[in-house]
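Everything on this sheet refers to the single structure shown next.
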Amino acid sequence: MDFLTSSTHLHITTWVVAIVIFLIAALSGKQSKGLHMALRLFYILIIITGVALFIKGMDFGQGMLYGFKFLGGIFVIGMMEMVLVRQKKNKPTGMFWILFAIFLFITLFLGFKLPMGMNFLA
């Protein structure tokens, strides 16, 4: 298994686990500090593996699209954090859920469409 394949698998695993933890934390009703801290650890892992893939993606000649995907991923993480923090403060979260869904869709679409992706959306 080469570096690109193992990095891609690690990246996908970290964001899938992070989304599951996020949904459990957000939908459970009660805020668990432990879940939120674990989620923040996964944010860091997602960013580290994403940067590694972003750097590797520059070799494919579509740097701008990989840059948009990177920004979309950062926005997804930001919306996840905003939902949990605003929920903890008993403030409305509807707009952040919508933005989370939009940014997640854009990021996944770009991730699967670009040359390093799995291309099953084509």
* Closest heavy-atom contact between V83 and A26? -> CG1-CB, 4.4 Å
* Asked: Side chains of L99 and F75: closer than 4.5 Å at any heavy-atom pair?
  -> no
* Which pairs, with at least one residue in residues 11-23 and sequence neighbours excluded, count as a side-chain hydrogen bond (donor to acceptor under 3.5 Å, both in side chains)? -> H11-T49
* Can you hop from I48 to V51 via hydrophobic side chains spaced under 4.5 Å? -> no
* **Exercise: identify the closest heavy-atom pair between L39 and M80** => CD1-CE, 3.9 Å
* Assert yes or no for the condition that the ring centre distance of F100 to F22 is strictly below 6.0 Å. => yes
* **R86 (side chain) donor-acceptor with K91 (main chain) under 3.5 angstrom** => no
* Is a side-chain donor or acceptor of Q87 paired with a backbone partner of T93 at a separation under 3.5 angstrom? -> no
* Asked: Does L110 belong to the same Ile/Leu/Val/Met/Phe/Trp/Tyr cluster as M64, with side-chain heavy atoms less than 4.5 Å apart forming each link?
  -> yes
* To do: May I ask you to test the I74-I47 pair for a side-chain heavy-atom distance under 4.5 Å?
  => yes
* Would L108 end up clustered with I102 when hydrophobic side chains under 4.5 Å apart are linked, directly or stepwise? -> yes
* To do: Might you point out which heavy atoms bring I46 and A18 nearest each other, and give the distance in Å?
  => CD1-CB, 3.6 Å
* **Shared hydrophobic cluster, L45 / I55 (ILVMFWY, side-chain heavy atoms < 4.5 Å)** => yes
* CE-CZ distance between M82 and F96, expressed to the nearest 0.5 angstrom -> 3.5 Å
* Calculate, to the nearest 0.5 Å, the distance between atoms CD and CD1 belonging to E81 and I77 respectively. => 9.5 Å
* Structure fact -> CZ of F42 to CE of M37, rounded to nearest 0.5 Å, is 13.5 Å
* First locate atom CZ of F68, then atom OG1 of T107, and finally report the distance between them rounded to the nearest 0.5 Å. => 12.0 Å
* Answer yes if L84 and V16 sit in the same cluster of Ile, Leu, Val, Met, Phe, Trp and Tyr residues linked by side chain heavy atoms under 4.5 Å apart, and no otherwise. => yes
* Give the minimum heavy-atom separation between L53 and T8, together with the two atoms involved. => CD2-OG1, 3.6 Å
* To do: Report yes if the distance between the aromatic ring centroids of F70 and F54 is under 6.0 Å, otherwise no.
  => yes
* Under 6.0 Å between ring centres, would you say that holds for F103 and W97? -> no
* Tell me, with the steps shown, if V85 and H36 meet side-chain contact (heavy atoms from CB on, under 4.5 Å). => CA-CA 9 Å; V85 169; H36 201 168; 4.1 Å; yes
